[in-house]
Amino acid sequence: MKKLALALLLAAAVVLTSCSSGKMLERDVFAMDTFMTLRVYGADEALLDAAENEIGRLESLFSATRESDISRLNTEGSAEVSPETAELVSGALEYCELTGGALDISVYPLVSFWGFTTGNYQIPDSGEISERLELVDYTKIRVDGSRITLGEGMNIDLGAVAKGYVGDRLCELLRQGGVTSAVLNLGGNVQTIGSKPDGSDWRVAIKDPFKPDENLLIVGVSDSTVITSGDYERYFVGDDGKRYCHIIDPSTGRPADSGIASITIIGKNGLMCDSLSTALFVSGAERAISLWRESEDFEMVIVTTNKKILITDGVDVLSDLSGLDAEVISRE
Ligand code: ADP
Ligand code: MG
């Protein structure tokens, strides 16, 4: 009898502690060509299963290389798509517009021509580049309800924006499941729900683009997304000794070369952060800063190719900046 009482007491204690601290569950997923980790407090395995299934479902809508809404659209030029694909494409088009075409989801023919889809890298000649550039023009993409139509011969790719959008959908799913504290890492895109269970901010590391195994600085965030685009993520070195990265400048058809080594966007919306990280990597620091001054929605950390760090004044930097060539950018 005593034993039973003790067992019950122990069981009650376990339940109490797991409720009050919100037991942490972690799930590793490989999807969308990248490693993802979901660290969620106060959820059960069934909710993590649902989140993992949702990643797979969305990937099978957005992939440009597998059977999906997007590959059907690219083959047929016009297609009926799922609500999520229509939402993502029309949301991305708004950022194409906002960034004056620095983001252009129709730049895919050049991404693949340079070899970034297969790893068979090449430096095309300028004639070949101009030929393919004729197919790049996001203004020719139409979204009418669930039907998307591309211009003649065009192909699109959501690689620049899909992970941010998927992160938003996952946060929504987890919040609906009652989660108030979580950190999701989708291949370097970090999305957070609430703050840490102890109430303090999440600490998110920004990598040193010149030594990607090391952290450059740590930022504090809650209920926010931290998304980086960098030239160290995917690139090749040409016979000419130059480094060519996987983000293409749609105005030249060549890998972006704006003087940015990495740019991190911090904000509430994953689609916005993912869109802007890619677009402003193309635009360069000066235009990135002027867009930031016109907007209240995001903060950023830029590391230039000459190793200067530009930090907008709303970023909560938790690490020591001394010894770094860092400048805080203000609104004036
Ligand atoms: P990652 O997905 O590697 O974290 P990004 O979000 O910056 O990095 O997206 C880069 C991907 O977006 C490329 O691999 C390519 O598929 C696509 N892309 C490259 N340049 C552009 C561009 N200017 N506009 C839209 N998409 C682009
Ligand atoms: Mg992006």
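What you see is a predicted model; the values in this text were computed from it and never measured. We number each residue from 1, following the sequence as shown.
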> If we only count heavy atoms from C-beta on, is the T264 to V204 side-chain gap below 4.5 Å?
Replying inline: no
> For the ring-ring contact (aromatic ring centres under 6.0 Å, His included) test, which of F116, Y121, W114 pairs with Y244?
Replying inline: W114
> Within a strict 4.5 Å, meaning less than it, do heavy atoms of the N120 and Q122 side chains meet?
Replying inline: no
> Is a side-chain N or O of S68 found less than 3.5 angstrom from the main chain of S63, in a donor-acceptor match?
Replying inline: yes
>> We want to know whether S60 and R66 form a side-chain donor-acceptor pair, criterion being a heavy-atom distance below 3.5 angstrom.
In response: no
> Salt bridge or not for R254 and E128, using N-O below 4.0 Å?
Replying inline: no
>> Salt bridge check, R175 against E172: does any charged N sit closer than 4.0 Å to a carboxylate O?
In response: no
>> So for atom CG, which belongs to D33, do other residues, nucleotides or ligands contribute more than 12 heavy atoms lying within a distance under 6.0 Å?
In response: no
>> Do L93 and E97 have side chains that approach each other closer than 4.5 Å (heavy atoms only, starting at C-beta)?
In response: no
> Does any N or O in the side chain of S222 come within less than 3.5 Å of the main-chain N or O of D201, such that one atom is a donor and the other an acceptor?
Replying inline: no
>> I'd like to know if the side chain of W202 and the backbone of Q191 have a donor-acceptor N/O pair within less than 3.5 Å.
In response: no
>> How about CG on D239, more than 12 heavy atoms from neighbouring residues, nucleotides or ligands closer than 6.0 Å, or not?
In response: no
>> side-chain contact (heavy atoms from CB on, under 4.5 Å), that's the test. Do L184 and L174 meet it? Break it down for me.
In response: CA-CA 11 Å; L184 316 180; L174 294 171; 3.8 Å; yes
> Where do K163 and L186 come nearest, in terms of heavy atoms and distance?
Replying inline: O-CD1, 3.5 Å
>> On a heavy-atom basis, which atom in G187 and which in T34 lie closest, and how many Å separate them?
In response: CA-OG1, 3.1 Å
>> Are I302 and M272 linked, directly or through intermediate hydrophobic residues, by side-chain heavy-atom contacts shorter than 4.5 Å (ILVMFWY only)?
In response: yes
> Pick one: which of R331, K268, R293 meets salt bridge (charged side-chain N to carboxylate O under 4.0 Å, His left out) with E299?
Replying inline: R331
> For the hydrophobic clusters of this structure (ILVMFWY residues joined by side-chain heavy atoms under 4.5 Å, transitively), does one cluster hold both L216 and L310?
Replying inline: no
> Which atoms form the tightest heavy-atom contact between G270 and I227, and what is the distance?
Replying inline: O-CD1, 3.7 Å
>> With a 6.0 Å cut-off (strictly less than), is the heavy-atom count around CZ of R39, excluding the residue itself, greater than 12?
In response: no
>> Checking side-chain polar atoms at under 3.5 Å, does Y165 have a donor or acceptor matched by the opposite partner on E84?
In response: no
> Could K307 and F210 be counted as a cation-pi pair, given that NZ or CZ must be under 6.0 Å from the ring centre and within 45° of the axis?
Replying inline: yes
> Under the 3.5 angstrom rule, does the side chain of D223 hit a backbone N or O of G194 as a donor-acceptor pair?
Replying inline: yes
> What heavy-atom pair brings L38 and A51 nearest, and what distance separates the two atoms?
Replying inline: CD1-CB, 4.0 Å
> When you look at NZ of K196, are more than 12 heavy atoms from neighbouring residues, nucleotides or ligands closer to it than 6.0 Å?
Replying inline: yes
>> Can you confirm whether E152 is buried at CD, in the sense that more than 12 heavy atoms of other residues, nucleotides or ligands lie under 6.0 Å from that atom?
In response: no
> Is any side-chain heavy atom of Y138 closer than 4.5 Å to a side-chain heavy atom of L103?
Replying inline: no
> Does the side chain of L321 come within less than 4.5 Å of I311's, by heavy atoms?
Replying inline: yes
> Within the distance-only criterion (no hydrogens, no angle test), does the side chain of S106 pair as donor or acceptor with the backbone N or O of D137 below 3.5 angstrom?
Replying inline: yes
>> In the structure I gave you, are the side-chain heavy atoms of T85 and I70 within less than 4.5 Å of one another anywhere?
In response: yes
> Should the pair R27-D49 be classified as a salt bridge under the 4.0 Å nitrogen-to-oxygen rule?
Replying inline: yes
>> Is the shortest side-chain heavy-atom distance between D28 and F35 below 4.5 Å?
In response: no
>> If I compare all heavy atoms of F281 with all of A261, which pair ends up nearest, and what's the gap?
In response: CE1-O, 3.7 Å
> Taking all atoms of both residues into account, what is the closest heavy-atom pair of E80 and S146, and its distance?
Replying inline: OE1-OG, 2.6 Å
>> When you group the ILVMFWY residues by side-chain heavy-atom contacts below 4.5 Å and let the links chain together, are V166 and V89 in the same group?
In response: yes
> Can you find a heavy atom in the side chain of T312 that is under 4.5 Å from one in the side chain of F298?
Replying inline: no
